[in-house]
Every structure is written in structure tokens, then in C-alpha cells.
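Structure, as C-alpha cells:
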Amino acid sequence: MAIKKAAPVQLHVKSGDTVKVIAGDERGKTGVIKSVNRVTQRVTVEGLNLVTKHNKPSAKSPQGGITKMEAPMHVSNVQAINPTTGERVRKGAAAAAASAAAPAKAKRATAKTA
């Protein structure tokens, strides 16, 4: 029985985006996305979701030791924000449709008042 691999999906964030964590222990903190895994739908945010890693002694590090490293979190737990204003940013077709519809409403409102 063959195991199916998950197909990569399109995500609402990409590497380099500034995001705000909206769930979990790091809730409310902001950071920049370092890496995105589209198959597992996980992102690694710089400086957040730190885990402790115990390293055995090896040829590279003969002493071994305990290090802290960033672990990936699910993409549903982050929200893209505008780095200058700090407000939520929506991306994709829904955002384009919303911005296209807004001027039409404004035009109708100005037409009624005139």
C-alpha cells in the first residue's frame, strides 16, 4: 500500500512577510517569516516558537550541549501585517475583490449626495 504525498498548497504568506502570531504561546508577537513549507503548511518565524534541542557529542561539536532553535508553526496561526502601520493585510483574490468593490460604493455614495 503506497502512502500518498500531500500536494503543495497556496498560502496567504510568503518568506520575508511580517506576520503577527494569533494563537499559541507566542500569541501577539510579531516577526518575519524565514521559511515556508507549502506541503506541511508550516512557517518558521524569526525569533519565535523557540524549542530546546539536546545535541549529542559528535565530531562537529565534541562537547554536545543544549541549544535553542526556531521551530515551524502552522500557517493558520499567523496573520500578515503591514510593517509600517501594524494593521492586518489581506492578500489574494478576496482582497482584490474587496478593494475593487470599495471605490464603487464610494462612487454611488457621492452620486446620491450630488
Side-chain angles (χ1 to χ4, degrees):
M1 188 167 143
I3 298 173
K4 278 190 170 182
K5 282 188 173 181
V9 295
Q10 187 173 3
L11 302 175
H12 67 284
V13 291
K14 61 183 180 181
S15 294
D17 282 354
T18 303
V19 293
K20 181 177 184 179
V21 179
I22 58 174
D25 292 338
E26 305 285 347
R27 181 179 178 172
K29 296 180 181 176
T30 59
V32 177
I33 293 182
K34 286 176 62 178
S35 66
V36 176
N37 188 334
R38 292 176 45 211
V39 175
T40 60
Q41 300 181 24
R42 291 188 169 268
V43 295
T44 303
V45 182
E46 191 174 308
L48 298 180
N49 200 23
L50 297 177
V51 295
T52 304
K53 175 94 175 156
H54 296 261
N55 298 318
K56 285 185 175 180
S58 64
K60 189 176 178 184
S61 78
Q63 291 293 323
I66 300 171
T67 58
K68 294 258 184 189
M69 59 185 297
E70 297 152 348
M73 63 178 73
H74 198 264
V75 71
S76 66
N77 295 337
V78 298
Q79 183 177 50
I81 61 169
N82 185 337
T84 56
T85 62
E87 294 179 359
R88 184 174 100 176
V89 176
R90 289 189 158 224
K91 294 182 176 180
S99 65
K105 288 181 181 177
K107 286 178 187 174
R108 274 188 255 143
T110 56
K112 287 181 181 177
T113 57

Taking all atoms of both residues into account, what is the closest heavy-atom pair of [X] and [Y], and its distance?
X	Y	value
Ala80	Val19	CA-CG1, 4.0 Å
Lys34	Ser15	O-OG, 3.8 Å
Pro72	Arg42	O-NH1, 3.5 Å
Thr52	Lys68	OG1-NZ, 3.5 Å
Val13	Asp17	CA-OD2, 3.5 Å
Val9	Arg38	O-NE, 3.0 Å

> For Lys29, which residues count as a salt bridge (Lys or Arg N to Asp or Glu O under 4.0 Å) partner, sequence neighbours excluded?
Replying inline: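 Once residues adjacent in sequence are excluded, the partners of Lys29 under the salt bridge (Lys or Arg N to Asp or Glu O under 4.0 Å) criterion are Glu26.
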>> Suppose we screen for salt bridge (Lys or Arg N to Asp or Glu O under 4.0 Å). Which residues come up paired with Lys14, at least two apart in sequence or across chains?
In response: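 For Lys14, no residue satisfies salt bridge (Lys or Arg N to Asp or Glu O under 4.0 Å) once neighbours in sequence are set aside.
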>> For the backbone of Leu48 and the side chain of Glu70, can you confirm whether one donor and one acceptor N or O come within less than 3.5 Å of each other?
In response: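 Between the backbone of Leu48 and the side chain of Glu70 there is no qualifying donor-acceptor contact (under 3.5 Å).
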According to a 4.5 Å side-chain heavy-atom criterion applied to Ile, Leu, Val, Met, Phe, Trp and Tyr, with indirect links allowed, do [X] and [Y] form part of one hydrophobic cluster?
X	Y	result
Val45	Met69	no
Leu11	Val39	no
Val89	Ile33	no

> So how far is it from Asn77 CG to Ile22 CD1, rounded to the nearest 0.5 Å?
Replying inline: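 Here the interatomic distance stands at 6.5 Å.
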> Per the side chain to side chain contact (heavy atoms under 4.5 Å, CB included) rule, which among Glu46, Gln79, Lys20 passes with Thr30?
Replying inline: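 The option that passes is Lys20.
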>> Does Asn82 have more than 12 heavy atoms from other residues, nucleotides or ligands lying within 6.0 Å of its CG?
In response: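 Enclosed: over 12 neighbouring heavy atoms sit under 6.0 Å from CG of Asn82.
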>> With heavy-atom distances below 4.5 Å as the criterion, would you say the side chains of Met73 and Val78 are in contact?
In response: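 Answer yes - side chains close enough.
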